[in-house]
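Numbers here simply count residues along the sequence, with the first being 1.
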Amino acid sequence: MTLAVVLFIAGMSSLTLILLKGNSDTNGLGWSTGDQPVFGAQIRPTQQLEDEVQAMVNHIEGQRGAYAKKSYVCGEELQMLGRMNAAQILQYHKEHPALIVQIGEGGDVYFTEQIDDLSPQCKTNAYFGLDTKGNLSLFEGVPGSNQVLRTFFQLNIEFLESSLPRETVKQLYRGIPVSNLEEYNSVLSTFADFAVEEPERALH
């Protein structure tokens, strides 16, 4: 039986629990940034009204860098649209009402599309593993010196090692590749059963 199948079977038992937690506690099993839950069904902003965007861009003077942004469950893609003034930003929003208008810290404008999938880059190069603090994390490449993309929750390693098949534990240390959203969710739901609860985390 392959690791993906083992993880999928083991993870299904906790899927409902994690979905509930993901909706109610963005600081628990949610993204470290707090703006995305663990699973693919993202919390989307309500579609912006023209008046909202108008109020947002009223203070903009001159032109700003404008980008089309695809925000995936894992990863994102940016495409430079050019430079736009307030009127052009508003017009672009009218033509693409499903995109969320955001102003970045540097003043650039982003037209963001939320996509319930992994980015092409994540599908080929994302691995779940452990960081140096024992947190379940998503890496760009195999765990080790590679970049951490997301940190989810701390794991009770002793409990995990005594409960899961040895090969599954070994794979976690080596890195578990995920090539689609189903595998991604399955890994998360499996290891969420071994997450350190907040009171226990405080003791450590």
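In the hydrophobic clustering of this structure, V187 groups with F159; members are Ile, Leu, Val, Met, Phe, Trp, Tyr whose side-chain heavy atoms approach within less than 4.5 Å, directly or through other members. Under a hydrophobic-cluster definition in which Ile, Leu, Val, Met, Phe, Trp and Tyr are linked whenever side-chain heavy atoms come within less than 4.5 Å, directly or via other members, L188 and I157 are assigned to the same cluster. Tracing side-chain contacts under 4.5 Å through hydrophobic residues (I, L, V, M, F, W, Y), one never reaches Y173 starting from V148; they form parts of separate clusters.
F194 has its side chain within reach of S163: a pair of non-hydrogen atoms, C-beta onward, lies under 4.5 Å apart. Counting heavy atoms from C-beta on, the side chains of K123 and D117 come closer than 4.5 Å. Annotation: side chain of Q171 is in contact with side chain of P177 (closest heavy-atom distance under 4.5 Å). You'll find the side chain of L99 reaches within 4.5 Å of the side chain of H96, heavy atoms only. Taking 4.5 Å as the limit, some side-chain heavy atom of V169 sits within range of a side-chain heavy atom of L160. Using a 4.5 Å heavy-atom threshold, the side chains of L149 and S137 count as separate. The side-chain heavy atoms of I103 and V109, taken from C-beta on, include a pair separated by under 4.5 Å.
L181 CG to S186 OG: the interatomic distance, rounded to the nearest 0.5 Å, is 11.0 Å. Rounding to the nearest 0.5 Å gives a distance of 9.0 Å between CG of D131 and CD of Q154. Between the CG atom of L138 and the CZ atom of F152 there is a distance of 5.0 Å, given to the nearest 0.5 Å. Interatomic distance, CD1 of I115 versus SG of C74, reported as 12.5 Å (0.5 Å rounding). Annotation: the span from L90 atom CG to N58 atom CG amounts to 9.0 Å, rounded to 0.5 Å. Once rounded to the nearest 0.5 Å, the distance linking CG of N135 with CZ of R150 reads 14.5 Å.
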* To do: Evaluate the criterion side chain to side chain contact (heavy atoms under 4.5 Å, CB included) for residue pair I100 and S71; output intermediate values, then yes/no.
  => CA-CA 11 Å; I100 303 301; S71 180; over 6 Å; no
* To do: Go through the steps to decide whether Y72 and L118 satisfy the test side chain to side chain contact (heavy atoms under 4.5 Å, CB included), and finish with yes or no.
  => CA-CA 6 Å; Y72 295 86; L118 310 185; 5.9 Å; no
* Asked: Can L164 and L172 be said to form a side chain to side chain contact (heavy atoms under 4.5 Å, CB included), step by step?
  -> CA-CA 11 Å; L164 290 178; L172 176 63; over 6 Å; no
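Side-chain N or O atoms of Q91 include none that pairs as donor or acceptor with a backbone N or O of E95 at under 3.5 Å. Between the H93 side chain and the I89 main chain, no donor and acceptor come within less than 3.5 Å of each other.
Between Y184 and F128, a ring centre-to-centre spacing shorter than 6.0 Å is recorded.
The two residues I176 and F191 make their nearest non-hydrogen contact at CD1-CE1, 3.7 Å. The two atoms that bring F111 and A66 nearest to each other are CE1-CB, 4.2 Å, heavy atoms only. Residues P143 and G129 share a closest heavy-atom pair of CG-CA, 3.8 Å. Listed here is the closest heavy atom pair of A192 and F153: CA-CZ, 3.5 Å. Taking both residues in full, the closest heavy atoms of L130 and L136 are given as CD2-N, 4.3 Å, listed atom of the first, atom of the second, then distance. In this structure, R64 and G107 approach most closely via the heavy-atom pair NH1-O, 2.9 Å.
Annotation: side chain to side chain contact (heavy atoms under 4.5 Å, CB included) contacts of R83 (sequence neighbours excluded): Q63. Considering only residues two or more places apart in sequence or on other chains, K170 meets the side chain to side chain contact (heavy atoms under 4.5 Å, CB included) condition with R166, E167, R174. Taking Q79 as the reference, nothing meets the side-chain hydrogen bond (donor to acceptor under 3.5 Å, both in side chains) condition, with sequence neighbours excluded. Residues that satisfy the side-chain hydrogen bond (donor to acceptor under 3.5 Å, both in side chains) test with T112, not counting sequence neighbours, are Q102. Residues passing the side chain to side chain contact (heavy atoms under 4.5 Å, CB included) test with S179 are E183, sequence neighbours excluded. Qualifying ring pair (Phe, Tyr, Trp, His ring centres under 6.0 Å) partners for F139, counting only residues two or more places apart in sequence or in other chains: none.
The aromatic rings of Y110 and Y67 sit parallel, their planes meeting at an angle under 30°, below the 60° perpendicular limit.
Look at E77 and K69 and you find no salt bridge, because none of the NZ, NE, NH1 or NH2 atoms lies under 4.0 Å from a carboxylate O.
Remark: K70 NZ is loosely packed, at most 12 non-hydrogen atoms of other residues, nucleotides or ligands lying under 6.0 Å away. With a 6.0 Å radius and a threshold of 12 heavy atoms from other residues, nucleotides or ligands, E158 has its CD atom at or below the threshold.
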